[in-house]
Novice: 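Below are the structure tokens for one structure; questions will follow.
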Amino acid sequence: MKLAERVSQVAPSITLAIAAKAKAMKAEGIDVCSFSAGEPDFDTPNHIKAAAEKALAEGKTKYGPASGEPLLRNAIAHKLKTENNLDYKAENVIVTNGGKHSLFNLILALIEAGDEVIIPAPYWLSYPEMVTLAGGKSVIVQTTAATGYKITPEQLRQAITPKTKLFILNSPSNPTGMVYTPDEMLELAKIIVEKDILVVSDEIYEKILYDGTKHISIGSLNEEIFRRTIISNGFAKGYSMTGWRIGYLAGPLELIKATITIQSHSTSNVCTFAQYGAVEALSGSQDCVEEMRQAFAKRREVMFNRINTIPGLSCLQPDGAFYLFPDITKTGLTSLDFSNALLESEKVAVIPGIAFGADDNIRLSYATDMETIEKGMDRLEKFVKSKI
Ligand code: PLP
């Protein structure tokens, strides 16, 4: 069979492959400590489930508008205004099948052959693949631990060419957990405005922050950057609703309308009754978000402290999300060899940094229980000691 050329240009997700291998080993009865998960380990809060169950019982089971249920679009616009200081109307919002789908819709609506998209590395692995599928070119900008794995204003300026259309900003970041300060964002915003490009701000981890760090949306800094910003967000991480598949985009009307057209010919509306759960997530009590955040904070501390006592590993303290991104260069192994050997010999699953464009690192998720963290860190220490 002759498949379309675009298929050969993208790689299957390494993250999913390692997670699947760890799951298969667990199913065989092997005692695996898995730090590969990209999702909270908590169940969706009960009041959110109850709202979806009520909508289901009431017959909210039919096709709805491709743009999303009006009640949810309004709730999202209200959230963006009150929490993020972003002045969008409901018509500036599209409800999508998750944050990933938001970004895919956006890139399809915006990027074509010849367009360049600037992506700082380490990056969330789907960004470059989406750009490739749309026929565009990713311009990867390598960052280092010295700048907290954040792109500097000089790096952004240098990466911009007349073909640059979009810059992807992800704060808090997957995989590094780093968060841009307001000053850092302002410097980037000045360049985006000066060069007149667009920025998509992937804010999916905005609710998971530590040590008093505040989430700032780049679009809220001033009117000029607001006009060039598209917000991508969703319910998966902050509300532990990964399987619900609900995300959203907010941005300039013309662009949002284009994504609605694309969605109307691809997936149509997001599951109707699930959207009522999302309305409840936004309008109901936020205590559940704080409870999960506090649990992540405790785990972060334990895992971070342990990793930094292991000779041969060094790790920056993340301000957000639920990942650590230690440097493994002292072991002399590539990230893929490190991850495979760790899984084979010590039954610990981590994600090789190469998946995120950073072969000097591995990613560990602490979205798992404390017992697994303690046990897994003992095993990791044993493994690293045997390599250096
Ligand atoms: N953006 C980032 C940085 C992510 O890590 C993820 C999920 O792992 C997403 C977007 C997509 O989230 P979802 O499609 O589950 O809403």
Side-chain angles (χ1 to χ4, degrees), residues 12-20 35-42 44 48 68 72 76 93-108 117 119-131 138 143 149-151 166-180 199-209 215 217-218 230-250 259 263 266-267 270-271 274-275 277-278 281-282 296 318-325 351 353 355-358 363-368:
S13 162
I14 301 181
T15 329
L16 296 183
I18 299 248
F35 302 115
S36 60
E39 61 181 345
D41 53 322
F42 309 103
T44 302
I48 299 175
L72 181 53
I76 292 167
V93 173
I94 176 176
V95 180
T96 65
N97 289 283
K100 190 179 270 187
H101 188 221
S102 289
L103 292 157
F104 193 72
N105 278 336
L106 169 73
I107 288 173
L108 215 54
V117 179
I119 305 175
Y123 47 73
W124 182 50
L125 72 179
S126 293
Y127 298 144
E129 306 295 33
M130 289 180 189
V131 172
S138 297
T143 69
Y149 299 113
K150 295 186 251 189
I151 190 171
L166 182 68
F167 165 54
I168 302 183
L169 180 67
N170 175 217
S171 176
S173 151
N174 175 10
T176 67
M178 296 298 140
V179 175
Y180 285 78
V199 56
V200 57
S201 181
D202 181 350
E203 305 184 6
I204 196 119
Y205 293 96
E206 70 163 326
K207 303 270 177 198
I208 307 171
L209 291 167
H215 175 70
S217 178
I218 191 167
I230 305 104
I231 306 294
S232 179
N233 206 332
F235 295 83
K237 315 291 179 177
Y239 296 96
S240 199
M241 291 171 69
T242 46
W244 291 60
R245 310 310 304 135
I246 313 181
Y248 56 90
L249 287 173
T259 60
Q263 190 154 285
S266 50
T267 55
V270 173
C271 172
Q275 291 186 61
L282 291 183
F296 286 136
D319 296 316
F322 39 69
Y323 308 108
L324 292 178
F325 203 58
I351 306 290
F356 313 101
R363 190 195 76 177
L364 296 107
S365 158
Y366 46 90
T368 189

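Atoms within a ligand are numbered from 1 in the order they appear, just like the ligands themselves. Just so you know, these numbers come straight off a predicted model, no measurement behind them.
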Novice: Taking all atoms of both residues into account, what is the closest heavy-atom pair of Glu129 and Leu125, and its distance?
Specialist: CG-O, 3.6 Å
Novice: Would you say the side chain of Phe325 lies within less than 4.5 Å of the side chain of Pro318, judging by non-hydrogen atoms?
Specialist: no
Novice: Using a threshold of 4.0 angstrom between heavy atoms of the protein and any atom of ligand 1, which residues qualify?
Specialist: Gly98, Gly99, Lys100, Trp124, Tyr127, Asn170, Asn174, Asp202, Ile204, Tyr205, Ala236, Lys237, Arg245
Novice: If you compare all heavy atoms of Met241 against all heavy atoms of Ala281, which two are closest, and at what distance to 0.1 Å?
Specialist: SD-CB, 4.2 Å
Novice: Given the side-chain rings of Phe356 and Tyr323, with only the six-membered ring counted for Trp, is the space between their centroids under 6.0 Å?
Specialist: no
Novice: Which heavy atom in Val179 sits nearest to a heavy atom in Gly320, and how many Å separate them?
Specialist: CG2-N, 4.0 Å
Novice: Of all heavy-atom pairs between Tyr239 and Ile48, which one has the smallest distance, and what is that distance?
Specialist: CD2-CD1, 4.0 Å
